Protein chains: 2
Amino acid sequence: MRPNKRDELVRKALQVFYQDGFHATGMDKLVVETGVSKTSMYKHFRTKEELILAALRLRDENFRNWFLRRIEELADTPADQLIASFDALGEWFEEDGFRGCMFIKAGAEFQDKTHPIHVQAAEHKRLLLEYFTDLARRAGASAPEALACQILLLKEGAIVTAVLIKSCDPAHEAKAAAKVLLEAALLN
Amino acid sequence: MRPNKRDELVRKALQVFYQDGFHATGMDKLVVETGVSKTSMYKHFRTKEELILAALRLRDENFRNWFLRRIEELADTPADQLIASFDALGEWFEEDGFRGCMFIKAGAEFQDKTHPIHVQAAEHKRLLLEYFTDLARRAGASAPEALACQILLLKEGAIVTAVLIKSCDPAHEAKAAAKVLLEAALLN
DNA sequence: TCCAAGGTTTACTGATCGGTACATGTTGGA
DNA sequence: TCCAACATGTACCGATCAGTAAACCTTGGA
C-alpha cells in the first residue's frame, strides 16, 4: 500500500479509460492491465467511481500543467498567449493516441449534473475558463469574461471537431477565429 | 413486424440512449421500456449496434429537420441565417431534457474511427458543415469553407459548454462571436 | 375445420459486470 | 525464532450483459 503504487494504478487506469471509455472498461480489465489483484485494487479504491475520479484528477493536473506551460513557451504577452493556445491545441491533436478531451467524454458518459464525475469534469472546464479570463483581462479586453468564453467555445469546438471530422483543420481555423475575436475585443 | 412497430422501437430507444448513454443502456432495459419481448426486439434488429445506428439515423433526421427549419423561420438572408442558427441553438439548450449532442456522445463512446457508429456520427457533423458552407457561400464570404468551419467550431463548443458549465451563456457568446467572424469574412 | 406460416413469449446461454469473503504470503519487531 | 499486522491472491457472489432455442399463440387461406 505504498503511495507510489496507488499512483501507478491511477496512471494506468487513466490510459485505459482515455483509450476505451469509462463504461466500456471493466475493473477486471484494469486488474489484468496493471497486474495487481482485484482485492488490492479495491484496497486502494473503494469503488470504480473513486478510481475514475482519481484518474480525472490526474488528467486535470497533467493536462493543465502541459497546456499552460506550453502556452507560456510559445508566447510572451497575454494577448499572444490567448492565440498561441490554439498552436498548443494543434500539437495535441497531432499526438499519437489523441482521443479528444477526457472531460467532455466524462460529461457525456455521466450526464447527471449532480454526479460527482460530471461535477469534476465541469470543474476542469471552469478552471480553463478562469485561466482564459485572466489572460483576456491582462490582455486589456473590454469584456474579458465574454472574450474568454468565446475562446473557450472555440477550444471545445476544435477538440470535438478534431475527433469527428478530418476535413476542416480545427486548430488552424480556431486560431484564425480567435485572432479576429481578440482584435475586436481590444478595439472596443 | 409491421414497419411502424419498428419505428416505434427506434423512437423509444433513441430517447433512452440519449438520456442514459449507449453502453449504460442494456437491451433488457429497452425491452422493459418498449414493452416488447426480447426475441421480437432481435427480430427487428440483429444486434444492439444495429439498433444504435437506427437511432442515430432518426436523430440525424429529426435534428437537422428541426434545426434547418427553425433557422429559416428566424431569418431570411444567408448571412442572417448563419447568425440565427445560434438563436436556434439557444432554444435547444433551454429545452427540458437537453443532454447535449447525441453524435458527440456517440463519438465519445465509440472512439475507433473505423467503427460504424463513429463513422455515422462524423457523417452528421459533415452534413452540418456542408450546410454552413452553403450558407457562407451564399452570404458572400471571401472564404466560405473557412467561415463555415469557424461557425461549426462555435456551435460544437457551445453545445459542449452548455452541458458542462452553467456560468458563461454559450449560445449568446457564440452568437456574438459569429457576428464578428461573419463581418470579418464579408469585408475581405 | 384444419393446417401452415410467422410473430411473440418464456426461459435460458456463457460471458462479464462491480464487488467481497477468506485463505495465503510477506514483513518488521521482540 | 516466533508472532502479529498487513498486503496480496484465489475463488467466488448475485446481477446484468448481449444474444438465442424452442414452445406458444394468432391469423389467413383452403
Side-chain angles (χ1 to χ4, degrees), chain A residues 1-57 105-106 108-112 114-118 120, chain B residues 1-57 105-106 108-112 114-118 120:
Chain A
M1 193 97 154
R2 13 192 208 295
N4 47 345
K5 184 60 174 281
R6 190 192 139 104
D7 291 351
E8 189 191 321
L9 294 179
V10 175
R11 203 153 44 234
K12 187 68 192 175
L14 170 54
Q15 282 180 24
V16 181
F17 282 138
Y18 182 64
Q19 196 74 12
D20 298 344
F22 300 99
H23 286 100
T25 300
M27 291 300 272
D28 297 85
K29 182 171 187 174
L30 291 172
V31 160
V32 171
E33 291 277 334
T34 56
V36 87
S37 80
K38 211 165 182 181
T39 309
S40 294
M41 188 67 101
Y42 275 95
K43 272 276 156 45
H44 290 287
F45 312 97
R46 293 208 336 266
T47 62
K48 184 185 182 182
E49 179 179 314
E50 195 172 301
L51 174 56
I52 293 177
L53 287 171
L56 287 179
R57 266 189 294 272
K105 296 193 282 189
E109 287 205 49
F110 302 90
Q111 306 192 70
D112 182 349
T114 68
H115 194 293
I117 294 176
H118 190 101
Q120 189 159 324
Chain B
M1 192 99 153
R2 1 181 219 303
N4 47 346
K5 183 60 172 283
R6 189 191 139 105
D7 291 350
E8 189 191 323
L9 294 178
V10 175
R11 204 153 44 234
K12 187 67 192 176
L14 170 55
Q15 283 180 22
V16 182
F17 282 137
Y18 182 66
Q19 196 73 13
D20 298 345
F22 300 99
H23 285 101
T25 301
M27 292 300 273
D28 296 85
K29 183 172 188 175
L30 291 172
V31 160
V32 171
E33 292 277 335
T34 57
V36 87
S37 80
K38 210 164 184 182
T39 310
S40 293
M41 188 67 101
Y42 276 94
K43 273 275 156 47
H44 290 286
F45 311 98
R46 296 212 329 273
T47 61
K48 184 184 182 183
E49 179 180 315
E50 196 172 300
L51 175 57
I52 292 177
L53 287 171
L56 287 179
R57 266 189 294 272
K105 296 193 281 190
E109 286 205 51
F110 302 89
Q111 305 192 68
D112 182 350
T114 68
H115 193 294
I117 294 176
H118 189 101
Q120 189 159 323

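A note on names: the letters A, B, ... follow the listed sequences, proteins ahead of strands, and every chain is numbered from 1. If you're wondering where the values come from, they're calculated on a predicted model, not measured in any experiment.
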Inset, instruction - Can you tell me the distance, in whole Å, between the NE2 atom of H23(A) and the C1' atom of dC17(D)? - result: 13 Å

Inset, instruction - Examine dA18(D): is either OP1 or OP2 under 4.0 Å from a nitrogen or oxygen in the side chain of K48(B)? Give yes or no. - result: yes

Inset, instruction - Measure from CG on L9(A) to P on dA7(D) and round the result to the nearest Å. - result: 14 Å

Inset, instruction - Can you tell me the distance, in whole Å, between the CZ atom of R46(A) and the P atom of dG18(C)? - result: 17 Å

Legend entry - Whole-Å gap separating P (dC6(D)) and NZ (K5(A)): 18 Å

Inset, instruction - For the pair K105(A) (side chain) and Y18(A) (backbone), establish whether a donor and an acceptor sit closer than 3.5 Å, ignoring hydrogens and angles. - result: yes

Inset, instruction - Look at the rings of H23(A) and F110(A) and say which category their plane angle falls in: under 30° parallel, 30 to 60° tilted, over 60° perpendicular. - result: parallel

Legend entry - 4.5 Å side-chain heavy-atom contact, L53(B) and F45(B): no

Legend entry - Nearest-angstrom distance from the residue atom CG of D28(B) to P of dT20(D): 14 Å

Inset, instruction - Give a yes/no answer on whether the side chain of S40(B) brings an N or O atom under 4.0 Å of OP1 or OP2 in dT8(C). - result: yes

Inset, instruction - Let me know the distance between CE of M27(B) and C1' of dG14(C), rounded to the nearest Å. - result: 18 Å

Legend entry - Side chain of K38(B) (C-beta onward), nearest among dG18(C), dA18(D), dT8(D): dA18(D)

Inset, instruction - Would you state whether a donor and an acceptor, one from the side chain of T39(B) and one from the base of dT8(C), lie under 3.5 Å apart? - result: no

Inset, instruction - Report yes or no: does E109(A) contribute a side-chain atom to a donor-acceptor pair with the main-chain N or O of E109(B) at less than 3.5 Å? - result: no

Inset, instruction - Find the distance K43(A):NZ to dC22(C):P and express it as a whole number of Å. - result: 13 Å

Inset, instruction - Respond yes when some side-chain nitrogen or oxygen of S37(B) is under 4.0 Å from OP1 or OP2 of dT9(C), and no when none is. - result: yes

Legend entry - Whole angstrom value for the distance that separates C1' of dG7(C) from CZ of R6(B): 16 Å

